[in-house]
Structure formats: structure tokens, C-alpha cells
Amino acid sequence: MRIATWNVNSLRVRLPHVLDWLGTHDADILALQETKVIDADFPEEAFTELGYHVSFSGQKTYNGVALISRSPIHEVITEAHALDDPQRRILGALIDEVYVLNLYVPNGSAVGSDKYDYKLTWLSAITQTVAELTKKHNKIIILGDFNIAPEDDDVHDPKAWEGSVLVSDAERDALQNLLALGFKDCFRLFPQEEKTYSWWDYRGGGFRRNHGLRIDLILASEALAQSCSICAVDKEPRKLERPSDHAPVVAVFE
DNA sequence: ATGGTGGCGCGGCCA
């Protein structure tokens, strides 16, 4: 099974990139974030025509998540139990006996801000939800835009970023609490080229200078992590005209 | 240069 995550920063704008990518990469499951499209306007047929099933949870202007899957999508959830949140950031579903949880973790804006507090509360709530999922499912994949760089190796300039949002200790601790439920960061199961990132700021030639962060993650429950054979960032779509600021991350499970 | 770039949607927010 080939599964990928991609923050597309507007599906309306990036649909050609996404369709081209699906056509050449033969993914079984693609998790999208920041679709920025309400459900009534979701381009469902563009995917069903290619033989995919789709599920989506969108809103106007901001956020929005979707799952594109070769196999049928069951047991959909769009909420964390402990959170009454109008923001559409969560899409979980059972696909071929694997529970897939697609997340668009809040950015957090700045350490100490209201948005930062919301991010930590949100992470706590999703961790509770995952704890519940682990009682029912053995094979779980959590993937998406985590808006957290797990380690300094995931940061182009750790000194410059030290203590700021996306790398702060409290955010990293929250991610570790989630991993502690029995998940592996698939990317780190394998030797990787140094300075591999998944997001580069549009500003200041971030991609050209490889000023990036690895914040798009694929986490697999231990039962599944054993069968993971590849996890890699595909930088190619970031080189296209009018790209998303994120690149897709792909994992293969045998 | 008190920013920079991009999306949404038409002024300012969010990333």
C-alpha cells in the first residue's frame, strides 16, 4: 500500500498538480490538507473519474482535509471527542483494515499566543482520540501537516528557530505524547539525505535556499511500521509553477 | 525597505 500526505494550500488552485501527481505515482491513498473548499464545491468527479473514492471535510477560506483512496472509505470521523471545533482539520477513516487519520494541526502563529494555546489544546484532544482508536484498531496511520518539526535535524537553521512556533518544546512534547501511544515517525525508520524538509516558506526564496522544515509526517502504529519499506519526501511538485509551499510525503507498506 | 510571498476575496486575515 502506497500512502501519501500533501498540504496543497488550496485544492482549487492545485488540482492540476494533484491530478498529475496521482497519475504518475499510483498512490492508493492520498491525504490532503488546506483544501480551502466547502464540501459543496469539492471537485469530487475529478477523482472518481480516475477510479478513486473520496471523503472530505471542508470549510470556506481556511483549513479543510480530504482523503482520496483506491479502496472504499468507511467509519469516517471528522471530530476529536474532547473538542468542539468549527475548524475542519480532522478526517479519519477505515480503509482496507487500516485506520487512517488525516490531520491538519493548527499552525499556532506564535509561542504564547491564543492560537498557540489552541494548538496545544487541539493536540491534547487528538491524542485522546487516538488513544481511543488504538483500543479498536491495530493498524493505524496518522498523517498530515503536523506543523511541528520533531527534531533539530528537521530544521534548516535550528539556532534561528530555537524556541519559536513549530519547534518549541511544548509542541514537541505534545508530538512525543502522541508517538508514545505506540507510533513511529516512518521517515526516521530509514537513512535519509541530510537537510530533507517538506515545507519551505514562499518568502525569501525559501525553497531555492532549502530553508525548510520537516513538518509533514506519516506516523504508523508499531504493527504497521514493521512493514514500512519506504518513506520519502517528493520535492518535485515544489519545483512547479505556482506550487504549494509543501511537498508530498510518501510511505509504502508491504 | 520595519518586510518578504501566496490564497482568499476585495480589506485584512492566515500561513
Side-chain angles (χ1 to χ4, degrees), chain A residues 5-21 30-43 46 56-66 83 85-91 102-123 126 143-150 154-168 170-172 174-175 197-217 233-249:
Chain A
T5 177
W6 193 0
N7 178 324
V8 291
N9 185 22
S10 168
L11 184 56
R12 222 186 309 270
V13 173
R14 234 64 69 189
L15 186 61
H17 290 186
V18 173
L19 296 177
D20 284 353
W21 192 87
L30 174 60
L32 302 175
Q33 303 87 36
E34 281 204 273
T35 55
K36 298 186 176 179
V37 63
I38 61 172
D39 291 351
D41 292 341
F42 192 91
F56 38 83
S57 179
Q59 68 180 85
K60 190 171 150 63
T61 310
Y62 302 118
N63 309 313
V65 282
L83 206 64
D85 189 1
Q87 300 192 30
R88 303 292 82 194
R89 299 177 174 278
I90 298 168
L91 187 58
N102 175 16
L103 301 181
Y104 176 44
V105 176
N107 172 282
S109 185
V111 173
S113 67
D114 288 350
K115 292 194 179 73
Y116 183 79
D117 292 342
Y118 163 65
K119 180 178 195 173
L120 295 178
T121 300
W122 192 97
L123 286 163
I126 205 69
L143 76 174
D145 177 359
F146 282 72
N147 270 316
I148 301 169
D154 304 310
V155 180
H156 73 91
D157 186 347
K159 285 263 163 53
W161 278 85
E162 189 176 5
S164 61
V165 74
L166 311 186
V167 309
S168 73
E171 293 166 76
R172 286 176 166 173
L175 177 60
Y197 309 119
S198 66
W199 168 84
W200 301 261
D201 202 310
Y202 285 123
R203 296 166 289 190
F207 183 65
R208 178 175 51 78
R209 299 157 71 176
N210 198 29
H211 287 183
L213 303 177
R214 191 176 69 89
I215 56 178
D216 299 273
L217 310 178
V233 177
D234 178 8
K235 286 164 69 172
E236 293 306 312
R238 188 64 176 78
K239 301 172 182 173
L240 298 172
E241 289 279 328
R242 226 180 159 189
S244 169
D245 46 350
H246 296 250
V249 181

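Every chain is numbered from 1 and lettered A, B, ... according to where its sequence line falls, protein lines coming before strand lines. What's counted below: heavy atoms across the whole structure, side chains too, no hydrogens, waters or symmetry copies. Quick caveat: nothing in here was measured; it's all calculated off a predicted structure.
- A donor-acceptor contact closer than 3.5 angstrom links the side chains of A/S168 and A/Y116.
- When rounded to the nearest whole Å, the span between CG of A/N9 and P of B/dG9 equals 13 Å.
- Comparing B/dA1 with B/dG11, their P atoms sit 31 Å apart, to the nearest whole Å.
- Checked by atom type, the side-chain pair A/D145/A/W6 shows no donor-acceptor distance below 3.5 Å.
- For B/dT2 and B/dC14, the P atoms lie 22 Å apart once the distance is rounded to whole Å.
- What you find for A/L217 and A/I148 is that their closest heavy atoms are CD1-O, 4.4 Å.
- Here the separation of B/dG9 from B/dT5, taken at their P atoms, is 22 Å to the nearest Å.
- If you measure from atom CD of A/Q33 to atom C1' of B/dG7, you get 16 Å, rounded to the nearest angstrom.
- The distance from atom NZ of A/K60 to atom P of B/dG7 is 17 Å, rounded to the nearest whole Å.
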Short N/O separations, protein against nucleotides 13-15 of chain B, under 3.5 angstrom:
residue, atom, partner, partner atom, Å
B/dC13, O2, A/Y62, OH, 3.4
B/dC14, OP2, A/K115, NZ, 3.3

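- Atom CZ in A/R238 sits roughly 10 Å away from atom C1' in B/dG6 (whole-Å rounding).
- Contact between the side-chain N/O atoms of A/R242 and the OP1/OP2 oxygens of B/dG7 is found at a separation under 4.0 Å.
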